[in-house]
Amino acid sequence: MIVCVCNGVNDRQVKAAIRNGATNMEALSATTGVASGCGCCRETCAELLSEAGCASSCVSMFQSALHMEQRPVFNLMPVAA
């Protein structure tokens with residue numbers, strides 16, 4: 001299954017990175033590139049970290065980031081007629 005569309009990273013690659021010592025999102029991002037683009041994969045990566053037995057403190061910071069206020073990528077400005 002593709003986890004990170006921006007970087008073409010699948011769940012096997014994420015799980016391999018976790019087995020090789022990535023215990024938090026920074027390490028996963030550094031080794032696989034996940035969560036370095038749009039960020040839509042953060043929740044799935046946090047779940048994979050939890051399933052692998054990562055301490056909740058490793059994941060909690062990024063799970064709380066998932067619930068941050070959603071901001072638009074760009075703001076539309078009215079144009080005078």
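In this chain, residues are counted from 1 in sequence order. Atoms considered below: every heavy atom in the structure, side chains included; atoms not considered: hydrogens, waters and symmetry mates.
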Nearest heavy-atom pair of G8 and Q13: which atoms, and what distance?
O-OE1, 3.6 Å
Closest heavy-atom contact between M25 and R42?
CE-CA, 3.5 Å
Starting from the C-alpha separation in whole Å, work towards a yes-or-no answer on side-chain contact (heavy atoms from CB on, under 4.5 Å) for L48 and V3.
CA-CA 10 Å; L48 291 170; V3 172; 4.3 Å; yes
Would you compute the distance between atom [atom1] of [X] and atom [atom2] of [Y] and round it to the nearest 0.5 angstrom?
X	Y	atom1	atom2	answer
C45	I18	SG	CD1	7.5 Å
T44	L49	OG1	CG	11.0 Å
T31	N20	OG1	CG	8.5 Å

What pairs of donor and acceptor atoms, side-chain ones from residues 32-39 against any protein atom, are under 3.5 angstrom apart with sequence neighbours left out?
residue, atom, partner, partner atom, Å
T32, OG1, L28, O, 2.6
T32, OG1, V34, N, 3.3
S36, OG, N7, ND2, 3.1
S36, OG, G33, O, 2.6

Any heavy-atom pair between the side chains of V9 and V14 that's under 4.5 Å?
yes
Checking the side chain of N10 only, and the main-chain atoms of M1 only, is there a donor and an acceptor separated by less than 3.5 Å?
no
Among residues at least two apart in sequence or on other chains, which ones pass side-chain contact (heavy atoms from CB on, under 4.5 Å) with R19?
K15, A16
